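Numbers here simply count residues along the sequence, with the first being 1. Since the structure is predicted, the reported quantities are computational estimates derived from the model, not experimental observations.
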Amino acid sequence: MKKFFRSLLAKYMLIIVLALSIVQIAYLLIAILITGVADNIESSYTSDEMDYEQIEEDWHKDANRLKTEADISRNFDKWKDQYPDASMFWVDQGGTLRVATEERNDLPTEWTSSFTAKFIKDRYGENPFTVIAFVGEDDTDGFVVFEINRDVFQKPIQMAFNQYGSWLLIGTLFLVIFFIFISFLFFRGIRKRLLQLQEAMEIRDVDELPIQIDVKKQDEIGQLEQTFNQMVHELRKSRVREQEEEQLRRELIANLSHDLRTPLTKINAQTYKIAKQNVSDDAKQAIHALEASVEDIDKLIENLMSYTLLMASKYKLDRQEVDIVRFARERIATWYPVFEKEGFEINVELEPLHDSVWHVDPIWLGRVIDNLLQNVLRHANNGRYVELKTASINSYDAIVVRDRGSGMKDSSNQKGAGIGLSIVDMMVKGMQLDWEIQSSHDGTTIQIKKNIKDEK
């Protein structure tokens with residue numbers, strides 16, 4: 001239950017309940033306030049005295065019983081006691097204002113028939129409430145007038161509402177605005193926390209992993225933040241394990257490479273020693289095959305070491321200005337005896353390029369060309385053809401290595417092409433060059449390209 005009250009669902013339900021009841025609560029509170037004010041408003045009249053028809057009837061009855069001026073004065077005093085806010089006066093049969101309960105500047109001393117008619121017309125149904133009755137039974141002694149403001153007959157609650165009704169509207173409006181403000185704060189807080197979580201997902205620490213976020217609340221978003229932090233923690237642990245495993249793998253490869261080279265050196269020495277002796281032709285052929293196998297194993301170990309160093313970013317890159325045509329010619333010259341021995345047709349077309357000076361590492365580039373030629377020798381020897389040439393188009397210069405083997409999609413009886421090409425890929429990209437492979441059943445063409453615009 002405690003967890004539920006901390007949740008966003010509970011807070012949202014509370015806002016909905018407030019939304020449904022806020023207007024009613026506002027009216028109830030302000031009605032209670034107005035009722036309290038009404039209780040403090042003093043009224044001189046009861047609800048029975050608010051019957052205007054009864055007042056009019058009583059005034060006419062009393063007027064019919066009046067005979068003298070003294071009677072009129074006493075009658076006025078009696079009504080004044082009952083209605084303190086009332087105003088009364090008598091106009092005699094001659095049109096003279098005779099008796100008045102208070103001094104009236106709006107009333108003339110002498111009344112004409114036209115003014116009397118106008119006075120009756122103006123007072124009919126208006127405020128103040130006015131009753132006009134003739135004096136005596138024969139209606140020959142003039143008329144008496146009773147006037148009182150209609151507002152004094154209102155109930156206290158109505159008077160309070162009339163006085164404070166605008167505050168009711170203002171109070172209700174205030175509560176509605178307050179509800180909107182609380183809703184705005186609630187949803188703005190949710191949005192802010194979600195944006196912070198999104199930002200934490202996008203920001204990367206020095207280890208290229210997301211950063212953890214501070215968990216301040218235990219609601220649904222807080223649980224999401226905790227889950228996100230747990231995920232980041234697991235990623236960091238995984239990264240540490242991965243780095244430890246990678247380090248162990250590199251050390252293992254380095255140790256194995258070193259340990260394997262020692263027996264290979266001994267095998268190579270013993271093979272050379274046996275080859276110097278007078279042996280049969282079959283023995284010489286076996287020795288030759290053994291030497292080739294030892295050389296292949298040595299190349300594989302070298303590739304494995306290079307790949308490990310490149311993956312660890314520990315293979316030093318030293319870029320220099322190199323005449324690429326001359327460099328390629330010198331490189332293929334070292335391979336001539338090898339390909340001739342295997343019966344390869346060698347085609348070399350090294351023509352000047354748009355820009356024959358490349359900014360590369362000569363050791364890396366030499367390793368790239370050696371790996372490509374080695375792959376031709378080991379994997380395309382059925383075509384017995386190798387070609388090394390230069391090519392230039394408008395956008396780039398290139399060194400091209402081509403063979404007439406069965407293509408990379410066919411299986412080879414030699415292994416290790418994958419790691420060799422992986423080394424080529426990393427070295428070419430490390431020297432900010434491009435390369436492209438086109439392979440079919442008719443052979444494979446590999447281009448090492450330098451974009452001309454890169455050097456402008």
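Checking Trp358 against Asp397 by side-chain atom types alone, no donor-acceptor pair falls below 3.5 Å. A side-chain donor from one of Glu234 and Gln230 sits under 3.5 Å from a side-chain acceptor of the other. When only modelled atom types and interatomic distance are considered, Asn149 and Asp85 share no side-chain donor-acceptor pair under 3.5 Å. Judged purely by distance below 3.5 Å, without hydrogens or angles, the side chains of Gln54 and Asp58 pair a donor atom with an acceptor atom. Remark: the Asp71 side chain and the Thr68 side chain contain an N/O donor-acceptor pair separated by less than 3.5 Å.
For the pairing with Lys450, the side chain to side chain contact (heavy atoms under 4.5 Å, CB included) check across Ile399, Leu353, Leu433 returns one residue only, Leu433.
Legend: salt bridge (charged side-chain N to carboxylate O under 4.0 Å, His left out) pairs involving residues 86-99, not counting sequence neighbours, sorted by first then second residue: Glu69-Arg98, Asp92-Arg98.
Note that the CD1 atom of Ile446 and the CZ atom of Arg402 stand 12.5 Å from one another [nearest 0.5 Å]. To the nearest 0.5 Å, atom CG of residue Leu377 and atom CD of residue Gln374 are 5.5 Å apart. Taking CD1 from Ile55 and CZ from Phe129, the interatomic distance works out to 5.5 Å, rounded to the nearest 0.5 Å. Here the CZ atom belonging to Arg104 is positioned 6.0 Å from the CZ atom belonging to Phe89, to the nearest 0.5 angstrom. Note that the OG1 atom of Thr101 and the NZ atom of Lys80 stand 4.5 Å from one another [nearest 0.5 Å]. The CD atom of Glu242 lies 11.0 Å from the CD atom of Glu244; values are rounded to the nearest 0.5 Å.
With contacts defined as side-chain heavy-atom distances shorter than 4.5 Å, the pair Asp425/Leu421 does not qualify. The shortest side-chain heavy-atom distance between Asp323 and Phe327 does not fall under the 4.5 Å cut-off. Looking only at side-chain heavy atoms (C-beta outward), Val401 and Ile369 stay at 4.5 Å or farther from each other. Under the 4.5 Å side-chain criterion, counting only non-hydrogen atoms from C-beta, Val91 is not in contact with Val145. Counting only heavy atoms from C-beta outward, the side chains of Asp403 and Val386 never approach each other to under 4.5 Å. Counting heavy atoms from C-beta on, the side chains of Asp434 and Tyr396 never come closer than 4.5 Å. Put simply, the side chain of Ile448 reaches to within 4.5 Å of the side chain of Leu372, judged on heavy atoms. Side-chain contact check for Trp90 versus Leu66: every heavy-atom pair is 4.5 Å or farther apart.
The minimum heavy-atom distance linking His359 with Arg319 is given by the pair O-NH2, 2.9 Å. In terms of heavy-atom proximity, Ala391 sits nearest to Val400 at CB-CG2, 4.2 Å. Closest heavy-atom contact between Pro128 and Ile148: CB-O, 3.3 Å. The shortest non-hydrogen separation linking Ser439 to Thr444 is OG-OG1, 2.9 Å. Nearest approach of Leu107 to Phe119, heavy atoms of both residues: CD2-CE1, 4.1 Å. Gly222 and Val215 make their closest contact through O-CG1, 3.8 Å (heavy atoms, listed as atom of the first residue, atom of the second, distance).
Sparse packing is recorded around CD1 of Ile363, with 12 or fewer heavy atoms of other residues, nucleotides or ligands lying under 6.0 Å away. No more than 12 heavy-atom neighbours from other residues, nucleotides or ligands sit within 6.0 angstrom of CD on Glu321. Enclosure of atom NZ in Lys78 by more than 12 non-hydrogen atoms of other residues, nucleotides or ligands within 6.0 angstrom is indicated. Summarising the local packing, CD of Glu436 is surrounded by more than 12 heavy atoms from other residues, nucleotides or ligands at distances under 6.0 Å. Counting heavy-atom neighbours within 6.0 Å of Asp214 CG, excluding the residue itself, gives a total of 12 or less.
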**Message:** Quick one, Met88 with Val144, criterion side-chain contact (heavy atoms from CB on, under 4.5 Å). Give me CA distance, side-chain angles, the key distance, then yes/no.
**Reply:** CA-CA 7 Å; Met88 292 161 281; Val144 288; over 6 Å; no
**Asked** So Arg188 and Leu185, side-chain contact (heavy atoms from CB on, under 4.5 Å) or not? Walk me through it.
**Response** CA-CA 5 Å; Arg188 189 188 69 168; Leu185 292 180; 3.9 Å; yes
**Request:** Give the intermediate values and the outcome of side-chain contact (heavy atoms from CB on, under 4.5 Å) for residues Lys67 and Asp141.
**Result:** CA-CA 8 Å; Lys67 295 181 179 180; Asp141 293 330; 5.9 Å; no
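The aromatic rings of Phe115 and Trp111 stand perpendicular to each other, their planes meeting at an angle above 60°, with 30° marking the opposite boundary.
Contact check on Glu57 versus Lys61 returns a salt bridge, with a Lys/Arg side-chain nitrogen under 4.0 Å from an Asp/Glu carboxylate oxygen. Between Glu349 and Lys389, none of the side-chain N atoms (NZ, or NE/NH1/NH2) sits under 4.0 Å from a carboxylate O, so this pair counts as no salt bridge.
Residues satisfying the side-chain hydrogen bond (donor to acceptor under 3.5 Å, both in side chains) test with Asn64, not counting sequence neighbours, are none. Legend: residues meeting side-chain hydrogen bond (donor to acceptor under 3.5 Å, both in side chains) with Glu351, ordered by chain and number and at least two apart, are absent.
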